[in-house]
There are 2 protein chains.
Amino acid sequence: MIKKKENNTEKQILEAAKNIFQQKGMDGARMQEIADTAGINKSMLHYYYRSKQKLFDAVFKSAINLMAPKIIKIVETDEHLFDKIRSFTNKYISFMNKHSFIPTFIIQELNRNPDMIKEVFISKFDDSISEKLKKQIEELVEKGGIKPIKPEHLLINIVSMSIFPFMAKPLLSAVLQKNEKQYKQLINERKMHVAEFVIDAIKIK
Amino acid sequence: MIKKKENNTEKQILEAAKNIFQQKGMDGARMQEIADTAGINKSMLHYYYRSKQKLFDAVFKSAINLMAPKIIKIVETDEHLFDKIRSFTNKYISFMNKHSFIPTFIIQELNRNPDMIKEVFISKFDDSISEKLKKQIEELVEKGGIKPIKPEHLLINIVSMSIFPFMAKPLLSAVLQKNEKQYKQLINERKMHVAEFVIDAIKIK
DNA sequence: GTCTATAATTTGATAGAC
DNA sequence: GTCTATCAAATTATAGAC
């Protein structure tokens, strides 16, 4: 109770840092702007996080921690593959509607510094996740439940169609000549569309 | 003939600027590093391009000019839709194998400054391109040649599956546990795979 | 056209009072 | 814990000699 302010400020800083880093990236973000957004003094950033790099790391880790559990949870259920696909596209696109900067942010920073993935990601995604999904798909192929397809390609296809439209929004909305509202509508349709498109592609007959 | 050097230096600068800007982005790029890469003095950058922003603009424009014609050319042919799809995924993925930084670069910078698209893009993609493709798809749907699908979604699906794997390489290769060579192999398979996957999804029967 | 030297500004980080 | 003032380094940009 005594040190309520302390905790509060730290959260305010992290919240502001998320906003700025996710929109402008590590290189484009300015400590001053983060401080202004948090409504506190610039010195406080260093008091709580020592350096820009450490503050960035906290933001990046929090972004990963927000995304990873959603994937893992779906993959680990015992649903039929088709239902897993429906759950994934629906939940994932909904999630990104609320956190639209996260996918671009993560992928962009990972391209700048590919080694970051080893520190943060390996702990979250242990081998079993991808192995389990791989096995489920391979078994379905053998049983004749779906057309032959490499599990890797199926996964890449689903993830690509779910995430890319968020990253390429400025490009796609211009090419397709959609305004803000129309593009959002298009994205919402994809919650169902992507799943049915994928299922149509792999189901027999 | 007299001023051969002049032209040469300008090209060297642009070439070096492409390398640095496309890898590090506007914010992460340093004029000094561009000069070093070009093997010339930093002052020369300003002599030829006045400012970092103007040099960046030249690089960005050149990236757009490299990508856009490939899309337009394919869309404008009179091939059957299925063959257009095959041409697109094949040629596009081949292209990005050679220029792997371009898609991330364009999309990243467009997110930072969405207004850039109006200056560079509108002139390249006039309305007729997207309209023509839209019409071809709608006609095929009506004739019963393919399942009902919004042209917008079909376009987004194809582009997503072609481009995203390049942008998310650090992420995907880690999740799928592929080394450099294996991931490249996977990408190459996609030249054919994406087209057949899409065709399977939309064809009747 | 090309180089050296330097100006002008921005920015991450710290010292020290309260 | 929080603020003001300031440092030190980095970085874009320019002036001026050759």
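A note on names: the letters A, B, ... follow the listed sequences, proteins ahead of strands, and every chain is numbered from 1.
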Q) Is there a ring pair (Phe, Tyr, Trp, His ring centres under 6.0 Å) between F101(B) and F105(B) once you walk through the steps? A) CA-CA 6 Å; F101(B) 293 114; F105(B) 171 66; 9.7 Å; no

Q | Gap between atoms NZ and P, on K24(A) and dG12(C) respectively (whole Å) | A | 12 Å

Q.
What is the distance, to the nearest angstrom, from the CD atom on E33(A) to the C1' atom on dT11(C)?
A. 13 Å

Q. Mind checking whether I163(B) and M167(B) have side chains closer than 4.5 Å, heavy atoms only?
A. yes

Q. When the distance from CG of D27(A) to P of dG12(C) is rounded to whole Å, what number comes out?
A. 11 Å

Q: Indicate yes or no for a side-chain donor-acceptor contact from K52(B) to the backbone of R30(B) under 3.5 Å, with no hydrogens or angles considered.
A: no

Q.
Could you tell me how far apart L45(A) (CG) and dT11(C) (P) are, to the nearest whole angstrom?
A. 14 Å

Q) Closest heavy-atom contact between F166(B) and I93(B)? A) CZ-O, 3.7 Å

Q: Check whether more than 12 heavy atoms from other residues, nucleotides or ligands sit under 6.0 Å from atom CD of E180(B), and answer yes or no.
A: no

Q.
Measure CE/M44(A) against P/dT2(D) and give the value in whole Å, please.
A. 5 Å

Q. Could you write nucleotides 7-18 of chain D as a row of B, S and -, 5' to 3', where a protein heavy atom under 4.0 Å of any base atom gives B, of only sugar-phosphate atoms gives S, and otherwise -?
A. ----SBBBB---

**Q.** Between P of dC3(C) and CG of D36(B), the distance in whole Å
**A.** 12 Å

Q. Expressed in angstrom and rounded to an integer, what is the separation of Y49(B) atom OH from dT2(C) atom P?
A. 13 Å

(Q) I need the CG-P distance between N41(A) and dG12(C), as an integer number of Å. (A) 14 Å

Q. Should the pair H193(B) and H153(A) be assigned to parallel (<30°), tilted (30 to 60°) or perpendicular (>60°) ring geometry?
A. parallel

